[in-house]
Amino acid sequence: MKKQNKFLIAGFILSLFLAGVVSHYASSSPDGLEKVAGDIGFLESAKEHSNSDGVLADYGVKGIKNERLSTGAAGVIGVIATAGVSTGLFLVLRRKSGANK
Amino acid sequence: MHIPDGFIDVPTSVAFAGIAAAGVALSLKGAKSTLDEKTAPLAGLTATFIFAVQMLNFPVAAGTSGHLLGGALAAILVGPWAASLALTVVLLMQGLLFADGGLTALGLNVFNMSLIGVWVGYASFIAIKKILPKNKSSISIAAFLAGLISVPFAAAGFVLQYAIGGTATFSISQVLTAMLGTHFLIGIGEGVISALAVGAVMASRSDLVYGYKGSQQVLETRVKE
């Protein structure tokens with residue numbers, strides 16, 4: 001059990017590091033689909049995202065001017081939110097399976 | 001790979017949302033029978049790691065980038081049912097919090113990444129694992145190839161959606177060729193990241209790896225014989 005926890009904590013810290021720090025160095029070129037849409041000519045058919053004014057839109061925290069900090073903070077928030085929601089979901093599924101048996 | 005609102009018309013988006021919902025419902029059922037006390041937290045970590053790595057776009061060609069989709073990786077680590085759910089949680093977070101991937105396009109994206117990416121990745125992994133020697137390094141090789149194969153298939157999912165309900169009227173074959181070519185290159189990155197991640201988990205906790213459990217059983221049976 002201890003080994004299991006160590007593994008999970010290490011994975012979580014790695015995820016925080018990747019999303020919080022390494023993300024700053026990610027390529028900002030358009031991704032495959034965006035590039036193809038631009039080259040062929042249907043990129044203009046994209047509509048503005050309904051959450052484009054959101055606090056975390058486009059992986060930045062609104063109000064944080066420093067780009068590195070803004071991206072990093074958004075990444076950390078995303079990692080924590082994803083960890084919370086997904087682990088919660090999977091633990092609920094796991095428990096129910098135990099109860100049925 | 002995240003489709004924004006507007007590329008695909010509303011009726012097609014609604015239809016794919018229905019298929020995606022059915023896929024998620026089946027996955028909920030399937031995950032219940034595969035997740036236990038040990039693997040449920042790993043499934044959560046898998047979703048978390050995929051979210052983080054999806055932020056890390058890598059350059060693939062002049063002016064083009066790609067990022068991990070993670071379907072094959074997740075399926076190998078926690079099985080295809082939990083993997084589809086993990087990818088769906090990631091897509092929900094990206095769409096709702098980060099304005100990445102349109103909300104009306106959510107069903108389209110779930111179809112391509114949570115269903116096609118996961119199941120093509122998983123099926124490829126199982127097929128490749130069968131023809132390779134039964135050892136740990138074969139798991140990493142199969143993970144590389146499964147990751148590589150899964151990405152152009154997910155891209156083909158978009159082309160299918162574009163063929164049915166694209167709002168623009170460019171030729172399907174043109175879109176198909178461009179999507180497959182670009183996403184083959186992105187698939188190489190997907191394969192490398194998948195193999196490294198699976199290799200790291202295999203090195204520390206191979207007992208947790210869903211895609212490895214079958215091989216162990218085969219080995220044990222052979223020893224008994």
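Order of the sequence lines sets the chain letters (A, B, ...), proteins ahead of strands, with each chain counted from 1. Just so we're clear, the structure is a prediction, and the values are computed from it rather than from any experiment.
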For A:Ser15 versus B:Leu45, what's the shortest heavy-atom pair and its separation? OG-CD1, 4.5 Å

Between A:Val36, A:Ile40, A:Val22, which shows the greatest number of heavy-atom pairs under 4.5 Å with chain B? A:Ile40

Once you round to the nearest 0.5 Å, how far does OG of A:Ser45 lie from CG of B:Asp9? 11.0 Å

Side chain, backbone, both or neither of B:Ile3 within contact of chain A (heavy atoms, under 4.5 Å): both

With rounding to the nearest 0.5 angstrom, report the OG1 to CD distance, B:Thr167 to A:Glu44. 10.5 Å

What part of A:Leu43 gets closer than 4.5 Å to chain B, counting heavy atoms only: side chain, backbone, both or neither? both

So, the part of A:Lys35 with a heavy atom under 4.5 Å from chain B: the answer is side chain

For B:Met93, is it the side chain, the backbone, both, or neither that has a heavy atom closer than 4.5 Å to a heavy atom of chain A? side chain

Counting only non-hydrogen atoms closer than 4.5 Å, does A:Thr71 touch chain B with its backbone (N, CA, C, O), its side chain (CB onward), both, or neither? both

Just wondering, do B:Val175 and A:Phe42 contact through their side chains at under 4.5 Å, heavy atoms? yes

Measure the OG1-CD distance between A:Thr82 and B:Gln94 for me, rounded to the nearest 0.5 Å. 7.5 Å

To check you understand the geometry: which heavy-atom pair defines the closest contact between B:Phe98 and A:Leu56, and what is its length? CD2-O, 3.4 Å

Given the options B:Ser171, B:Ala82, B:Pro4, which has more heavy-atom pairs under 4.5 Å with chain A than any of the others? B:Ala82

If I measure from the heavy atoms of chain A, does B:Leu85 come under 4.5 Å with its side chain, its backbone, both, or neither? both

Given side chains that start at C-beta, do those of B:Val201 and A:Phe7 come closer than 4.5 Å, heavy atoms only? yes

Please state whether the side chain, the backbone, both or neither of B:Leu185 comes within less than 4.5 Å of a heavy atom of chain A. neither

If you take all heavy atoms of B:Ala31 and A:Leu93, which pair is closest and at what distance? CB-CD1, 3.9 Å

Any chance you could measure A:Ser23, atom OG, to B:Asn57, atom CG, to the nearest 0.5 Å? 10.5 Å

Crowded around B:Phe153 CZ? As in, over 12 foreign heavy atoms under 6.0 Å? no

Grab the two heavy atoms, one from A:Gln4 and one from B:Lys38, that are nearest each other, plus how far apart they are. NE2-O, 3.0 Å

Heaviest contributor of heavy-atom pairs below 4.5 Å to chain B, chosen from A:Ala81, A:Ala10, A:Gly38, A:Gly60, is A:Ala81

Okay, B:Ser65 and chain A: the region with an atom under 4.5 Å from a heavy atom over there is both

Greatest number of heavy atom pairs closer than 4.5 Å to chain B - which of A:Thr87, A:Asp53, A:Leu8: A:Leu8

Nearest heavy-atom pair of A:Leu18 and B:Ala52: which atoms, and what distance? CB-CB, 4.2 Å

Most chain B-contacting option - heavy-atom pairs closer than 4.5 Å, from A:Ala19, A:Ala57, A:Pro30, A:Ala83: A:Pro30

Pairs of heavy atoms under 4.5 Å with chain B: top-ranked of A:Gly20, A:Ser28, A:Gly41: A:Gly41

Pick one of side chain, backbone, both or neither for B:Ala155, based on which atoms fall under 4.5 Å of a heavy atom in chain A. neither

Which one wins on heavy-atom pair count under 4.5 Å against chain A: B:Thr64, B:Thr88, B:Val78, B:Leu92? B:Thr64

Measure distances from B:Phe7 to the heavy atoms of chain A and classify the residue's part below 4.5 Å as side chain, backbone, both or neither. both

Counting only heavy atoms not in A:Lys47 (residues, nucleotides, ligands), do more than 12 fall under 6.0 Å from its NZ? no

Is the closest side-chain heavy-atom distance between A:Ser86 and B:Thr48 below 4.5 Å? yes

Shorter than 4.5 Å, heavy atoms on both sides: which option in A:Tyr25, A:Phe17, A:Tyr59 has the most such pairs with chain B? A:Tyr59

With heavy-atom distances below 4.5 Å as the criterion, would you say the side chains of A:His49 and B:Leu103 are in contact? yes

What residue, out of B:Ala168, B:Gly95, B:Gly166, has the most heavy-atom pairs lying under 4.5 Å from chain A? B:Gly95

Portion of A:Leu14 that has a non-hydrogen atom of chain B nearer than 4.5 angstrom: side chain

Output the distance between atom CZ (B:Phe170) and atom CG (A:Asp39), rounded to the nearest 0.5 Å. 11.0 Å

Calculate, to the nearest 0.5 Å, the distance between atoms CG and NE2 belonging to B:Leu56 and A:His24 respectively. 12.5 Å

Counting heavy-atom pairs under 4.5 Å to chain A, which of B:Ala200, B:Gly63, B:Gly66, B:Gly102 comes out on top? B:Gly63

Would you name the heavy atoms of B:Ala99 and A:Asn51 that are closest together and state the gap between them? CB-O, 3.8 Å

For B:Met1, does its backbone N or O pair with a side-chain atom of A:Asp31 as donor and acceptor, under 3.5 Å? yes

Contact part of B:Phe58 toward chain A, heavy-atom cut-off under 4.5 Å: side chain, backbone, both or neither? backbone

Under 4.5 Å, counting heavy-atom pairs only, tell me which of B:Thr182, B:Asp100, B:Ile50 racks up the most with chain A. B:Asp100

Could you tell me which portion of B:Ile186 (side chain, backbone, both or neither) has an atom closer than 4.5 angstrom to a non-hydrogen atom of chain A? side chain

What part of B:Leu28 gets closer than 4.5 Å to chain A, counting heavy atoms only: side chain, backbone, both or neither? both

If you count heavy-atom pairs within less than 4.5 Å of chain A, which of B:Gln54, B:Gln174, B:His2 leads? B:Gln174

